[in-house]
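Reading through the structure tokens given below for one structure.
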Number of protein chains: 4
Amino acid sequence: MTFELLAFEVAPSSGIPIYRQLMDQVKRLVASEHLKPGDPLPSVRNVATALAVNPMTISKAYSLLEAEGVLERERGKGMKVAATKNVAKSTEQRLEILQPSVDSIIAEAKQLDIGLEQLTQQIEKSF
Amino acid sequence: MTFELLAFEVAPSSGIPIYRQLMDQVKRLVASEHLKPGDPLPSVRNVATALAVNPMTISKAYSLLEAEGVLERERGKGMKVAATKNVAKSTEQRLEILQPSVDSIIAEAKQLDIGLEQLTQQIEKSF
Amino acid sequence: MTFELLAFEVAPSSGIPIYRQLMDQVKRLVASEHLKPGDPLPSVRNVATALAVNPMTISKAYSLLEAEGVLERERGKGMKVAATKNVAKSTEQRLEILQPSVDSIIAEAKQLDIGLEQLTQQIEKSF
Amino acid sequence: MTFELLAFEVAPSSGIPIYRQLMDQVKRLVASEHLKPGDPLPSVRNVATALAVNPMTISKAYSLLEAEGVLERERGKGMKVAATKNVAKSTEQRLEILQPSVDSIIAEAKQLDIGLEQLTQQIEKSF
DNA sequence: GTGGTCTAGACCACC
DNA sequence: GTGGTCTAGACCACA
């Protein structure tokens, strides 16, 4: 099985809805080709029990990703990464995906009076 | 009027609750010292009519900011920027506050196959 | 002047209304005979300026104390401590006045898991 | 029902706002470990109907307790006692929290001509 | 099912 | 004048 390695993570009390956290993770994994077109995704039930989360929540994430064209439903078998639209992403494109988080951490740092130096240092320390 | 300059703005349908938008604005104004300790804030009713919003919504924002220690209530007179707690915090304390965001952006970068170099570069570019 | 020594104190942002703080102080001073029947009280205006408080607030306190029979209004001259009702209070009576505060600090201590020993020690330290 | 034992009570006309009465009760229950970290709280609607009070009032109490770190929200499931922050505090920290009340009772005692001895005795009697 | 947000309008306490 | 409390009722987001 390919997706035993697939460790989804959710922070249940982070304010961000669980289904959104899941969607973002799948998108990132697809963008970086950790998940390639055609790759199967773990079943709703598996993810649900693994994360101790309501299956409806996983299902919602998958359905929305399908609506966005990131995933495809293989009848009777489950979800897999869609071929169309999921062409390999360039570094620039992947950086673009990350940009909102970059902007947001910079805004936070500035509000906290944390300079560029300190911020990058802290990131290096924790990377 | 003393606070004609204080132009609060809300985007009613941005998904972010109005009271939260207000709180963030006040916090930014305080953090940037556009609002200094002791400065008065416009009255609940004034803001409410100016923004065409229910007074309770403004009141909620003010009350929460008071609970957080950002504002103080002057009985019968209105709200003002608090003196206590708006004192400087140590760099360590502030970095600690930022840490969760640091952890989270690192996790995202790794899922996107973006290395430390690229991440810090991107941050420098956007800072 | 007898009441230059009379230092009223108010904690404007303690949650307790200012007029109530004033009333309680006057009552305690009367109970302990720091203020004896017939003694004059500082004028509304003096107290107001000294405490940087709205004169209406002082006036309200005085009026309520008059309604309770603690003070008397001397026409054209101001307030003085009433004769009736303000007989000297026994130690028991004064302790009774203090009782609510005693109960309340004990409740707080218990919620904070602070024992009798520690509480009394702390009081001795600060007395 | 798991929390049949959780009997909230409110005195509607005690002057103290209902939401505050609720908050204090929850805090006491947490402090005394009748409610332990992770324990669920009755739903807003349940409490509201049980107390014949508007749900928003209960919600306000819960939200403020969340803001204070006493409770946590489990998305879509309800409130539970928070783990973080309900960790033990040092004796010094707890005494510091109590200090304002200590100062205030001492001031009251002095105005009532009640000495240290009598004050501590009275506290011992009522503890 | 859960809590969150907002409205409209009433009433209160304080200054 | 200030903010605070509460109600009744609508609608939304999340699980």
Side-chain angles (χ1 to χ4, degrees), chain A residues 10 12-13 15-22 48 51-61, chain B residues 10 12-13 15-22 40-48 51-67 71-80, chain C residues 10 12-13 15-22 48 51-61 64, chain D residues 10 12-13 15-22 40-48 51-66 71-80:
Chain A
V10 288
S13 42
I16 298 137
I18 295 173
Y19 81 91
R20 201 114 212 28
Q21 297 183 43
L22 276 174
L51 299 181
V53 154
N54 192 314
M56 296 246 321
T57 307
I58 316 295
S59 180
K60 179 174 184 179
Chain B
V10 288
S13 44
I16 300 136
I18 296 172
Y19 81 92
R20 217 151 206 341
Q21 296 182 43
L22 272 175
L41 274 90
S43 82
V44 167
R45 289 155 169 82
N46 278 352
V47 179
L51 300 181
V53 155
N54 188 300
M56 266 206 57
T57 306
I58 315 296
S59 180
K60 181 175 184 179
Y62 279 8
S63 297
L64 286 172
L65 285 168
E66 190 197 7
L71 300 184
E72 279 175 356
R73 223 170 69 215
E74 236 174 328
R75 317 204 35 132
K77 287 214 250 173
M79 310 292 294
K80 60 175 196 167
Chain C
V10 287
S13 43
I16 299 137
I18 295 173
Y19 80 92
R20 200 118 211 26
Q21 296 182 44
L22 277 173
L51 299 181
V53 154
N54 192 314
M56 298 246 320
T57 308
I58 316 296
S59 181
K60 180 173 183 178
L64 287 172
Chain D
V10 288
S13 44
I16 298 138
I18 297 173
Y19 81 92
R20 211 140 214 351
Q21 296 182 43
L22 271 175
L41 275 91
S43 83
V44 167
R45 290 157 169 79
N46 277 352
V47 179
L51 299 181
V53 157
N54 189 299
M56 267 207 56
T57 306
I58 316 296
S59 180
K60 181 175 184 177
Y62 278 8
S63 297
L64 287 172
L65 286 167
E66 190 197 7
L71 300 185
E72 279 175 355
R73 222 169 73 213
E74 236 174 327
R75 317 203 35 132
K77 288 213 251 174
M79 309 292 294
K80 61 176 199 182

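A quick note: this is a predicted structure, and the numbers were derived from the prediction, not measured. Proteins come first, then strands; the chains are lettered A, B, ... in the order of their sequence lines, and each starts at number 1.
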Inset, instruction - Sequence neighbours left out, what passes side-chain hydrogen bond (donor to acceptor under 3.5 Å, both in side chains) with B:Arg20? Give chain and number order. - result: B:Asp24
Inset, instruction - Choose from E:dT2, F:dT5, E:dC6 the nucleotide whose nearest atom is closest to any side-chain atom of D:Ser43. - result: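 Closest of the options to the side chain of D:Ser43: E:dT2.
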Legend entry - Given F:dG4, E:dG3, E:dC14, the nucleotide with the shortest approach to the side chain of B:Arg75: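 Between F:dG4, E:dG3, E:dC14, the one nearest the side chain of B:Arg75 would be E:dC14.
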Starting at [atom1] of [X] and ending at [atom2] of [N], how long is that distance when rounded to a whole Å?
{"X": "B:Tyr19", "N": "F:dG4", "atom1": "OH", "atom2": "P", "answer": "16 Å"}
{"X": "B:Asn46", "N": "F:dG3", "atom1": "CG", "atom2": "P", "answer": "8 Å"}
{"X": "B:Ile16", "N": "E:dG4", "atom1": "CD1", "atom2": "P", "answer": "18 Å"}
{"X": "A:Lys60", "N": "F:dA15", "atom1": "NZ", "atom2": "P", "answer": "7 Å"}
{"X": "C:Leu64", "N": "E:dC15", "atom1": "CG", "atom2": "C1'", "answer": "14 Å"}
{"X": "A:Leu22", "N": "F:dC14", "atom1": "CG", "atom2": "C1'", "answer": "13 Å"}
{"X": "B:Leu71", "N": "F:dT2", "atom1": "CG", "atom2": "P", "answer": "16 Å"}
{"X": "B:Ile58", "N": "E:dA8", "atom1": "CD1", "atom2": "P", "answer": "13 Å"}

Inset, instruction - For the pair B:Val47 and B:Tyr62, evaluate side chain to side chain contact (heavy atoms under 4.5 Å, CB included) and give the outcome as yes or no after the intermediate values. - result: CA-CA 11 Å; B:Val47 179; B:Tyr62 279 8; 3.8 Å; yes
Legend entry - Any side-chain heavy-atom pair of B:Arg75 and C:Pro17 under 4.5 Å: yes
Report the distance from atom [atom1] of [X] to atom [atom2] of [Y], rounding to the nearest 0.5 Å.
{"X": "B:Leu41", "Y": "B:Leu65", "atom1": "CG", "atom2": "CG", "result": "8.5 Å"}
{"X": "D:Ile16", "Y": "D:Leu22", "atom1": "CD1", "atom2": "CG", "result": "12.0 Å"}
{"X": "D:Glu74", "Y": "D:Met79", "atom1": "CD", "atom2": "CE", "result": "10.0 Å"}

Legend entry - Along DNA chain F (nearest heavy atom to each residue), the more 5'-positioned of B:Glu66 and A:Arg20: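 Mapping each residue to its closest nucleotide by heavy atoms, the 5'-most match is B:Glu66.
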Legend entry - With sequence neighbours excluded, residues passing side-chain contact (heavy atoms from CB on, under 4.5 Å) with B:Thr57: B:Ile18, B:Tyr19, B:Val53, B:Asn54
Legend entry - Which residue lies more 5' along DNA chain E, comparing B:Ala52 with B:Gly76 via nearest heavy atoms: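 Its nearest nucleotide being more 5', the pick is B:Ala52.
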Phosphate OP1/OP2 of [N] contacted by [X] side-chain N/O (<4.0 Å):
{"X": "D:Arg73", "N": "E:dG3", "value": "no"}
{"X": "C:Thr57", "N": "E:dC14", "value": "no"}
{"X": "D:Ser59", "N": "E:dG3", "value": "no"}

Inset, instruction - Give a yes or no on whether the backbone of D:Ser59 and the side-chain of D:Ser63 come within a donor-acceptor separation of less than 3.5 Å. - result: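 Looks like yes, one N/O pair under 3.5 Å.
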Legend entry - Any residue meeting salt bridge (charged side-chain N to carboxylate O under 4.0 Å, His left out) with B:Lys80, in chain and number order, not counting sequence neighbours: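 With sequence neighbours excluded, B:Lys80 shows a salt bridge (charged side-chain N to carboxylate O under 4.0 Å, His left out) to B:Glu72, given in chain and number order.
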Legend entry - Heavy-atom pair with the smallest gap, counting every atom of A:Pro55 and A:Ala48: CA-CB, 3.7 Å
Inset, instruction - Looking at every strand, decide which applies to A:Val53 at a 4.0 Å heavy-atom threshold: base, sugar-phosphate, or nothing. - result: nothing
Report, one pair per line, the protein and nucleotides 9-11 of chain F atoms (nitrogen or oxygen only) whose separation is under 3.5 Å.
none

Inset, instruction - Give each stem of DNA chain F as a range with a range, requiring at least 3 consecutive Watson-Crick or G-U wobble pairs whose two distances are under 3.5 Å. - result: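 E:1-14 with F:1-14 - these are the stems of 3 or more pairs that involve DNA chain F.
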